[in-house]
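Here the structure is laid out as structure tokens; the discussion comes afterwards.
Every number for a ligand or one of its atoms is a count from 1 in the order of the listing.
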Amino acid sequence: MDLQNLLDDIVGAVQPLARQGAAADYIPSLASVDTSQFGISVATREGEVFSAGDADVAFSIQSISKVYALALVLARDGNSIWKRVFREPSGNPFNSLVQLEHEDGIPRNPFINAGALVVADRLLTVTGGSTTAVRELLREESGNFSIDSDPEVAASEARNSHRNTSLAHFLASYGNLENSVDDVLDAYIKQCALAMSCTDLALASRFLATNGLRADGTPLLSPPQTKRINAVMLTCGTYDAAGEFAYRVGLPGKSGVGGGIIAVVPNNCSICVWSPALGRSGNSVAGVAALDEFTTRTGWSIF
Ligand code: DON
């Protein structure tokens, strides 16, 4: 498989779609990003990287961060998080409030905002209050130690976080937060505001394609834990579009409203695509099309 050639072809095929949809504007600082950009990177399980397009432009990883927070909680704290968050697809938008009340304060899965707030809360507890655990993991796995949270994006989200604040208070009212609402929101917003490129994210996600092994060869997760994160990504990683994503791409994937999507070919490679304009469910239109093209051309879907 000539991956470089394939990625160059995908850029050519997908670039015209890059302006379809719209950049997220409920976090105002994301709305000003140039939507014509598109990048793609693939990191093989051996650590080789292939990239094309705007693969080295840093963007806001947003909900993609939820995967690494969950991995850290499972790695450091085992399965107890599953008493506080379910792992079923929600069929609802990522920031929906209604389901949380119907289900007595237990979020449907760790990737909708309510579930990710519970995971961020537990991560704060197990790290003794650190808000940089996700950043440190991503720095170490990508080898890029300049990765950081963008303070402007974080401030922009903090000023416009009425929904997440409501979700966090709701969780607290059901006794499903261990830390204060303010501390949980602060940690969550900082992890979402991490700025990374496709190359950084493909490398940082490699442990999901290596049965949980980190870049230095030590285990972050056991093979069964890795299998389970990939399964939750497949069923819940693209929210109410997870069925369509499985149909078109056929890989575990996780999107963010910055326009990035990571995807995993287990035992083979990790992929990151990025283009800022989003469809109705908050997933990058050109990004999904690129992953569709990638698995169609390589045959590397899990199905
Ligand atoms: O909490 C939020 O709404 C954002 N910080 C993250 C949402 C997100 O990325 C959803 N993904 N497509």
Side-chain angles (χ1 to χ4, degrees), residues 21-31 33 35 59-70 85 89-97 99-100 107-121 123 131 134-135 149-171 181-182 184-196 201 232-245 249 252-263 272-288 291:
D25 58 4
Y26 75 103
I27 301 174
S29 78
L30 297 182
V33 178
T35 54
F59 61 90
S60 192
I61 74 169
Q62 292 297 323
S63 286
I64 299 174
S65 67
K66 297 168 179 175
V67 174
Y68 313 106
L70 178 64
V85 58
S90 70
N92 277 315
F94 58 84
N95 53 7
S96 170
L97 293 155
Q99 206 164 36
L100 192 59
R108 200 43 105 78
N109 67 64
F111 294 150
I112 54 172
N113 288 4
L117 288 165
V118 169
V119 174
D121 175 54
L123 188 58
T131 58
V134 173
R135 185 189 75 182
S149 194
D150 181 333
E152 194 193 311
V153 173
S156 180
E157 175 154 10
R159 279 193 300 273
N160 294 279
S161 65
H162 305 298
R163 274 182 173 264
N164 286 337
T165 306
S166 309
L167 288 166
H169 278 291
F170 234 95
L171 291 164
V181 163
D182 286 349
V184 173
L185 285 171
D186 178 57
Y188 171 81
I189 286 171
K190 281 188 178 133
Q191 80 175 42
C192 287
L194 286 162
M196 295 173 68
L201 275 166
V232 181
M233 286 170 64
L234 180 77
T235 53
C236 311
T238 45
Y239 313 109
D240 47 337
E244 181 68 7
F245 189 81
V249 178
K254 181 77 208 79
S255 60
V257 287
I261 308 175
I262 58 161
C272 180
V273 292
W274 169 62
S275 195
L278 311 177
R280 192 187 47 80
S281 300
N283 306 309
S284 168
V285 174
V288 175
L291 290 168

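The single protein non-hydrogen atom nearest to atom 10 (C) of ligand 1 is Ser63 OG, 2.8 Å, given as residue, atom name and distance. With hydrogens left out, the protein atom closest to atom 5 (N) of ligand 1 is Gln62 OE1, 2.6 Å, a heavy atom.
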Atom pairs and distances, side-chain donor-acceptor, residues 107-121, under 3.5 Å, sequence neighbours left out:
from: Arg108; atom 1: NE; to: Glu103; atom 2: OE1; distance (Å): 3.0
from: Arg108; atom 1: NE; to: Glu103; atom 2: OE2; distance (Å): 3.1
from: Arg108; atom 1: NH1; to: Pro89; atom 2: O; distance (Å): 2.9
from: Arg108; atom 1: NH2; to: Glu103; atom 2: OE2; distance (Å): 2.8
from: Asn109; atom 1: OD1; to: Phe111; atom 2: N; distance (Å): 2.8
from: Asn109; atom 1: OD1; to: Ile112; atom 2: N; distance (Å): 3.0
from: Asn109; atom 1: ND2; to: Glu88; atom 2: O; distance (Å): 3.2
from: Asn113; atom 1: OD1; to: Lys66; atom 2: NZ; distance (Å): 2.7
from: Asn113; atom 1: OD1; to: Tyr188; atom 2: OH; distance (Å): 3.2
from: Asn113; atom 1: ND2; to: Asn164; atom 2: OD1; distance (Å): 3.0
from: Asp121; atom 1: OD1; to: Glu178; atom 2: N; distance (Å): 3.1
from: Asp121; atom 1: OD1; to: Asn179; atom 2: N; distance (Å): 2.8
from: Asp121; atom 1: OD1; to: Asn179; atom 2: ND2; distance (Å): 2.7
from: Asp121; atom 1: OD2; to: Arg84; atom 2: NH2; distance (Å): 2.6
from: Asp121; atom 1: OD2; to: Glu178; atom 2: N; distance (Å): 2.7

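Inclusion of Cys192 in the set of residues having an N or O under 3.5 Å from an N or O of ligand 1 is not warranted. The distance criterion of under 3.5 Å between nitrogen or oxygen atoms is met by Asn113 with respect to ligand 1. Of the polar atoms of Ile27, none of the N or O atoms is found under 3.5 Å from an N or O of ligand 1, judged by distance alone. Considering backbone and side-chain atoms alike, Lys66 places every N or O at 3.5 Å or more from each N or O of ligand 1. Checking only distances, Asn283 never comes within under 3.5 Å of ligand 1, N or O to N or O.
Applying the 4.0 Å criterion to heavy atoms of Gly256 picks out, from ligand 1, the atoms 9 (O), 11 (N), 12 (N).
Between Ser281 and Thr238 there is no side-chain heavy-atom pair separated by less than 4.5 Å. Between Leu123 and Val134 there is a side-chain heavy-atom pair separated by less than 4.5 Å. Here the side chains of Phe245 and Val288 are in contact, with some heavy-atom distance below 4.5 Å. Looking only at side-chain heavy atoms (C-beta outward), Leu97 and Ser166 come within less than 4.5 Å of each other. Inter-residue side-chain proximity for Trp274 and Leu201 is flagged as unmet; no heavy-atom pair is nearer than 4.5 Å.
Only the side chain of Glu157 comes within 4.0 Å of ligand 1, judged by heavy-atom distances.
Of the inter-residue distances, the one linking Ile189 atom CD1 with Ser65 atom OG reads 11.0 Å to the nearest 0.5 angstrom.
Of the candidates Tyr239, Tyr26, Tyr188, Phe94, the one placing a heavy atom closest to atom 1 (O) of ligand 1 is Tyr188.
Note on ligand 1: Asn164 sits in its first shell, one or more heavy atoms being nearer than 4.0 Å.
Every pair passing salt bridge (Lys or Arg N to Asp or Glu O under 4.0 Å) that includes a residue from residues 278-287 is listed here, sequence neighbours excluded: Asp240-Arg280.
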